[in-house]
Amino acid sequence: MVLMAIGMVAGAWLMPSFGSVADFAQELLRRTSMAAPSSRGPACDQATFACLQVRQRDLTAAENRVEEAIAQLRPASEAVAELIRTHETRHAQNEVFLAEGRNILNRVDDPAIPVRFVGTSYPNRDMLLRQLHVLWREREATEQILVTAKAQREAIQRRYDALLVARSEVRSAASMLPAQLELARANDAMVLVTGTLGAID
């Protein structure tokens, strides 16, 4: 469970800068091998108490990283939500203008006479058609922005949920470490006493 939590933390740390899963995995291995060499290998196996102390520092660092990632996601989520609200309003207005323009075009009998649309006078029907074409292209662009923004919002929410789970896992693991440290300290003391008594015998 601790490994899953740290993996989620690492995901929040690395994923924004790597496009593929393969790149992410390679960079994760590289960074963890550089960042925590003291928590692995024979030295850790031979010094349980010292190893647990390293684990404790790692968990503290992991929790801090989770908190930083959560703090960074909040403003990003708010920005995307605001972007969605703005473009949904713009899209709705665009739909109203296009519908009104179509109605006006259907009522125009003479294509050469001036046409009034949304408070503006156009010299003829063709000029109004140009304006409606611009509105149509804006509508398509707005729809694409909304699709992308909503996908980002979902991705942010999934990452946020994963970070909350990771924080809970890290905190649970950290809460058990004090007892494990004391047990390791007692075991080390017992090994020392046993070794000393064996040397005396």
Side-chain angles (χ1 to χ4, degrees), residues 4-32 61-171:
M4 180 184 75
I6 294 177
M8 290 179 180
V9 176
W13 173 29
L14 294 170
M15 283 305 287
S17 58
F18 294 92
S20 70
V21 174
D23 292 341
F24 166 69
Q26 290 176 2
E27 184 64 11
L28 176 60
L29 289 173
R30 186 184 71 81
R31 291 196 188 186
T32 51
E63 184 176 358
N64 291 337
R65 194 175 295 281
V66 169
E67 294 293 351
E68 291 173 5
I70 289 174
Q72 291 169 357
L73 278 182
R74 287 192 185 112
S77 178
E78 292 169 0
V80 171
E82 180 60 28
L83 179 69
I84 291 172
R85 285 192 295 269
T86 299
H87 282 78
E88 283 179 340
T89 300
R90 185 174 301 172
H91 186 270
Q93 291 173 343
N94 196 282
E95 290 287 338
V96 171
F97 292 155
L98 286 171
E100 183 179 346
R102 285 192 294 266
N103 290 333
I104 293 173
L105 289 175
N106 291 332
R107 295 196 304 267
V108 172
D109 297 325
D110 186 351
I113 64 173
V115 182
R116 192 160 184 81
F117 171 64
V118 193
T120 302
S121 181
Y122 295 86
N124 52 51
R125 187 175 185 273
D126 286 343
M127 292 301 292
L128 175 58
L129 277 173
R130 287 186 183 182
Q131 179 59 34
L132 292 176
H133 182 64
V134 171
L135 287 173
W136 180 264
R137 292 177 64 183
E138 287 180 353
R139 173 182 178 273
E140 291 180 333
T142 300
E143 287 179 346
Q144 186 57 51
I145 290 172
L146 283 171
V147 169
T148 303
K150 288 178 179 179
Q152 287 181 344
R153 179 176 62 185
E154 292 176 3
I156 289 173
Q157 186 59 53
R158 287 194 300 270
R159 180 55 55 85
Y160 186 79
D161 293 343
L163 286 169
L164 293 181
V165 173
R167 182 173 64 182
S168 177
E169 295 285 354
V170 169
R171 287 177 175 177

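- Here the closest non-hydrogen pair linking V66 and L163 is CG1-O, 3.6 Å.
- Between P111 and N124 the shortest heavy-atom distance is O-CB, 3.2 Å.
- E88 pairs by the salt bridge (charged side-chain N to carboxylate O under 4.0 Å, His left out) definition with K150, not counting sequence neighbours.
- Partners of E100 by salt bridge (charged side-chain N to carboxylate O under 4.0 Å, His left out), not counting sequence neighbours: none found.
- Remark: E140 does not engage R137 in a salt bridge, criterion side-chain N to carboxylate O under 4.0 Å.
- Checking side-chain atoms of H133 against main-chain N and O of L129 turns up no donor-acceptor pair under 3.5 Å.
- Remark: R125 pairs with no residue by the salt bridge (charged side-chain N to carboxylate O under 4.0 Å, His left out) rule, at least two apart or across chains.
- Using a 4.0 Å cut-off between a side-chain N of Lys or Arg and a carboxylate O of Asp or Glu, R171 and E67 qualify as a salt bridge.
- Using modelled atom types, no side-chain atom of N94 and backbone atom of R90 make a donor-acceptor pair closer than 3.5 Å.
- Below 30°, between 30° and 60°, or above 60°: for F117 and F97 the angle between ring planes is above 60°, a perpendicular geometry.
- Checked against D161 for a side chain to side chain donor-acceptor pair (under 3.5 Å), the options Q157, R158, R159 give a single hit: Q157.
- For the pair R116 (side chain) and G119 (backbone), a donor-acceptor distance under 3.5 Å is present.
- H91 and L146 make their closest contact through CB-CD1, 4.3 Å (heavy atoms, listed as atom of the first residue, atom of the second, distance).
- Ionic pairing of R167 and E63 is not present here: no N-O contact between side-chain nitrogen and carboxylate oxygen is shorter than 4.0 angstrom.
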